[in-house]
J.: 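The following block contains the structure, expressed as structure tokens.
Treat the numbers as computed from the prediction; the structure is a model and nothing was measured.
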Amino acid sequence: MSKQLDLNFRPAWWMRNRHVQTILPRAFRPNLKANVNFEHLSTPDDDFLELAWAKHGNPSAPLVVVLHGLEGNINSFYAKGMLRALTRSGLDAVLMHFRNCSREVNKQPRAYHSGETQDLGFLLQTLSKRFPGRALFAVGFSLGGNVLAKYLGEKGQASRLAGAAVVSAPYHLSSSCQVIRKSCYKLYQKYLLDRMKHSFSRKLNQIQSSINLTANELTNINDLWQFDDRVTAPLHGFKGAEDYYAQASSQPYLGLIETPTLLIHAEDDPMLSKQAIPLAEQVSKQVKLAVSSKGGHVGFIAGNNPFKPVYWLEKVVPDYIHSLIK
């Protein structure tokens, strides 16, 4: 019999501020290493997905796909921590780098965005064929969570997944973009834009074959909405930023999910809008909501000792996955 899940997050008394929950965890584990093996998985369009495998040793163990957030990668604190927590709980895990987030530059002009689910679908199809009969699960953080939630709604009963967990996803992209543009004296916007501009500058030659954008124009973009309007949207076939946000938001898909799914969200998330908070009337019967008043964005740090923070996500997500394993 599986143990009762505790989905109530209680923030550390010394980390009740939403910005502290969001920013400080990145400094807690400077020496945490991800013990992974890399694989280049060729895609049907003559490109590749870089996978980072973390294995605990049992080849028949359930396998969890981890999706990082905007401009994240294997070095993101939450990714390293979750991979370690999953393997320590007896699961195998693999992180999928979205295109243009891996160590090497991808070949095609296209990159990734909040609503791009084809690469995830291709990976899950590949894993299903490679490991027939092996239970597959997925965990998505922030942008990766939006991708995962949208994929689950699109596929319904054909998701290939036995369960999923979504953390701090921007279910309503347009309003969340407006929050990021202003929040914390525009600190989050600057952080994300700097990473995005660096990432896209690596493949400017490929991008210029699809959209009209010079190196100087890319450098001078200083607004997230403008970046999505000038780069993300035209590069991926959208009419503009708002068309991209409308089509890529996962909120309309939450009621279509047929896979057991846990949605973890904080009402005080400083990077997402109030419209992005998932509500009971928006989700299907297969969805469990774990919406807390505090937690920040992909923070959720608990514990009584400031020198020993408790990473609540690294307990509740593996526990939820194990509760689904028959």
J.: According to the ring pair (Phe, Tyr, Trp, His ring centres under 6.0 Å) rule, which pairs have a member within residues 171-194, sequence neighbours left out?
T.: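 Of all non-adjacent pairs touching residues 171-194, those that pass ring pair (Phe, Tyr, Trp, His ring centres under 6.0 Å) are His19-Tyr188, Tyr171-His265.
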
J.: Does anything in residues 137-158 pair up under ring pair (Phe, Tyr, Trp, His ring centres under 6.0 Å), and if so which pairs, sequence neighbours excluded?
T.: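 As it turns out, the ring pair (Phe, Tyr, Trp, His ring centres under 6.0 Å) pairs with a partner in residues 137-158, which skip direct neighbours, are Tyr78-Phe141.
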
J.: Does Asn305 have any side-chain hydrogen bond (donor to acceptor under 3.5 Å, both in side chains) partners at least two apart in sequence or in another chain, and if so, which?
T.: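 Partners of Asn305 under the side-chain hydrogen bond (donor to acceptor under 3.5 Å, both in side chains) test: none.
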
J.: Go through the structure and list residues passing salt bridge (Lys or Arg N to Asp or Glu O under 4.0 Å) with Arg230, not counting sequence neighbours.
T.: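 Expected list: Glu217.
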
J.: Not counting sequence neighbours, which residues clear salt bridge (Lys or Arg N to Asp or Glu O under 4.0 Å) with Arg134? List them please.
T.: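 So Arg134 forms a salt bridge (Lys or Arg N to Asp or Glu O under 4.0 Å) with Asp92.
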
J.: Keeping to residues at least two apart or across chains, list the ring pair (Phe, Tyr, Trp, His ring centres under 6.0 Å) pairs with something in residues 29-55.
T.: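 Non-adjacent pairs meeting ring pair (Phe, Tyr, Trp, His ring centres under 6.0 Å): His40-Phe48.
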
J.: Identify the heavy atoms of Leu67 and Gly144 that sit nearest to each other, and give their distance.
T.: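 Of all heavy-atom pairs spanning Leu67 and Gly144, the closest is CD1-O, 3.6 Å.
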
J.: So that I can tick it off, tell me whether Asp269 and Lys274 are bridged by a salt bridge, with the cut-off set at under 4.0 angstrom between side-chain N and carboxylate O.
T.: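 No, this pair does not count.
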
J.: How would you list all residue pairs meeting side-chain hydrogen bond (donor to acceptor under 3.5 Å, both in side chains) that involve residues 157-170, not counting sequence neighbours?
T.: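 Qualifying pairs: Ser159-Thr259.
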
J.: Check which hydrophobic residues are tied to Tyr311 through side-chain heavy-atom contacts below 4.5 Å, counting indirect links as well, and list them.
T.: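 Once heavy-atom contacts under 4.5 Å are chained together, Tyr311 belongs with Trp13, Trp14, Met15, Val20, Leu24, Phe28, Ile301.
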
J.: Under the side-chain hydrogen bond (donor to acceptor under 3.5 Å, both in side chains) rule, collect the residues that match up with Glu314, sequence neighbours excluded.
T.: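 Glu314: side-chain hydrogen bond (donor to acceptor under 3.5 Å, both in side chains) contacts with Arg29.
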
J.: State which residues pass salt bridge (Lys or Arg N to Asp or Glu O under 4.0 Å) with Asp243; sequence neighbours excluded, sorted by chain then number.
T.: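 For Asp243 there are no salt bridge (Lys or Arg N to Asp or Glu O under 4.0 Å) partners, ignoring immediate neighbours.
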
J.: So, using salt bridge (Lys or Arg N to Asp or Glu O under 4.0 Å) as the criterion, who are the partners of Lys107 when residues are at least two apart?
T.: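 With sequence neighbours excluded, Lys107 shows a salt bridge (Lys or Arg N to Asp or Glu O under 4.0 Å) to Asp46, given in chain and number order.
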
J.: List the residues meeting side-chain hydrogen bond (donor to acceptor under 3.5 Å, both in side chains) with Ser60, not counting sequence neighbours, and say none if there are none.
T.: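 Once residues adjacent in sequence are excluded, the partners of Ser60 under the side-chain hydrogen bond (donor to acceptor under 3.5 Å, both in side chains) criterion are Asn58.
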
